[in-house]
Amino acid sequence: MPRRPLIAVLGCPNTGKSTVFNRLTGLRQRTGNYPGVTVEKITGVARLGNREVDLVDLPGTYSLAADGPESGITLDVVLGMAEGLPRPDVVLLVADATNLRRSLYLFSQTRELGLPVAVALNMQDVAERQGERLDVRVLAQQVSAPVAPMTANRGKGVQGLRSILERLLAEEGVSAVPVMPEVREAAVDLQADLVGPAPELACVERAIIDTGGEFERRLVGAGGQKARGTLENIRRRLRRQMGDESLQSREARRRYRQVDQWLGQSGAAGPQSFAARTGWLERLVSHPVSGPVVFLAVMSAVFQAVGAWAAPLMDAISTFFEEVGAWALVRLPDGALSSLLIDGLWSGVGAVVVFVPQIIFLFALVLFLEDCGYMARASFLMDRLLRICGLSGQSFIPLLSGFACAVPAIMATRVVGDRRARLATIVAIPLMTCSARLPVYALLISGFVPPAYFLNGWINLHGLILLGLYVLGIAGGAVSAFLTRRIALRGAGASFFMEMPPFRWPNPRVLSLKLTAKVRVFLTRAGTVIAAACVIIWALGYFPRSDVIAADFAERRATVELAAEGPDGSDYRLRRLNAEERAAQLEFSLLGRVGKAIEPVFRPLGWDWRVSASVVAGFPAREVVIGVMGTVYALGSEAEGNAGLRERLQASRWPDGRPVFTLAMALGLLVFYAFALQCVSTVAVIGRETNSWRWAAGAWVYMSGFAWLAGMLTYQLAA
Amino acid sequence: MTIGFQEIVALAIVVVIVGAVVFRRLRARRRIKRTGEASVKVDEISRRR
């Protein structure tokens, strides 16, 4: 079967490349990795006319020059050298119509590779609003390539782009005259001299131009010292020819001259200053004084809104799960099956599903801020603060994503160019308060911190403690990053370069697609891993059962029934006896024995065996812990009837009758959760992203140790 | 302890649920090893290089 044609989608960062890609492929896409490097490979299938084509979305880049294996991927894919991908039939270059100069620089390099290239001139609406009067037809003639004006986030111009791509697929590519003919000539000679399989001409050109770059490393790696010597000689000769100017700077100068010529002929306005393009809003949010104020206001509004909007929905879901559980409890026959269904599956999954509203609102707001362009400004503002910890503004978005989930956040550290800063960011991310910590925080704060209000009710103690835990996480992350940079990864920080995308209204369709994907991931986890964890914990907490305890309680129940004076009195005592029997059986079970064995380790934190067992069972994923507590306390609750988890925790007692969950113990548990790395996915992703299990194991050991110590100190001081 | 019919069915359900989840994970792992694909759908932001 003939293979489907392949189109490579290329472009500078923030040109809407992924939006164009999404428009062409819809939901038919896959996310993966290029073998050997930590760059996502995003492929999709698009229909052009009556045929299907494969699309590959390349990482955003300003130039084909590569300083590391990650940035070398772009040229590898375009030249058909990436593993698992054939040479593309067409290259689609997505350009930002509001900043065309930069995109055309990349185009100028791409057109020399001998492949048919199409230009998608994106964000045309913003450019027109800014008064841009570019003649697209003339530009297409100038660059000798089809140009499709479009506004991808509104779906405008997509059909035109499809027709252009369809037409181009039938054409053969023509290599444009090189901007650096001297380098081309030298590359041809060098290519002929090299022994073994000849590298692509474009790679040899890049090896000559980019001193210390990825393609130089590859060339020297294959050809040894001889290749290095030849390369040095060629560079020296070319520099002499070019009046001692470096090849990189000469290339930039020539290409920009070419680009300016194209733009001038097409009637484009000259380069505009950044402030002129964006106006008062930009000045407000990027100002050294008003910027941080706006940032704090925006972040507080996000957290307040999440709390306020999610609360009624969470109450409704929680009531639903409790009511259905209670309804089923009286209708199902008593025994192992009903216990598994109600105490295991229903309580466990219900305790997790209840946090979906919070996750929806948090992600919706964060995605909105990201898509409208505010997050890029926030990175810029945070750069100075992050530099104190040895990081840069590039680490801000990964760190912020850590407030949702550490797994995508750690993967997002791929945007951090400097290796040391990237590792320090990876170590700091698990300390950010992720959404899985929220259920634990919410449960313990609402159950054990007394309600108190200050400033006429404007500030409440619950909110303050929650904020304090967020600050604790941030402070912990900052200290971790600082120490990592000072002790393990010493060295100067890299410079941070980013381009501010213009402010724009996010597309509701794109937002809802991203949001749905996030919620689906959370729910599939709740539906699979958490359900499995809950049934395992249920089985450990239910088996083995003691016949002696069962017989003892059966006898006591019979006595109560015989001595019953009225139905109400015996009913109350019977319920009490049932609760006591559940507690005794749980203590006898495997979970009870394990919990008792590890209790001494956590005793200094004020935890009894049930809390210890729940926390240890929650080590694979912290969101599981509430489900596990739900199961453990449903199985062995000393509270009566259909009490919620909070009431069951409040009712739990030490053998001498003292309550287990005191304010001091709850605070210690909160602090423990703020620092502990209780997430096997995070540990795995640290291992994969750092390519070293030592980093993963080290992070787990130090965070768990630190969490225990901080939890113990909090408990001892507060008690 | 006495193991009755209910206990056996409950244990069988536990084994089926846990087995299904473990099987899914293992299958995903094998696919990752074969194709080099990541198991986690990556956040949009991580693509912005």
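So you know, we letter chains A, B, ... as the sequences are listed, proteins then strands, and number each from 1.
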If you round to the nearest 0.5 Å, how far is CG of Leu340(A) from CD of Glu7(B)? 11.0 Å
Would you indicate whether the side-chain heavy atoms of Ile13(B) and Leu337(A) approach each other to under 4.5 Å? yes
Can you find a pair of side-chain heavy atoms, one from Ile17(B) and one from Leu345(A), that are under 4.5 Å apart? yes
List the residues meeting side-chain hydrogen bond (donor to acceptor under 3.5 Å, both in side chains) with Thr425(A), not counting sequence neighbours, and say none if there are none. Ser395(A)
Quick one: of Gly335(A), Ser338(A), Ala550(A), Ala336(A), who has the most non-hydrogen atom pairs under 4.5 Å with chain B? Ala336(A)
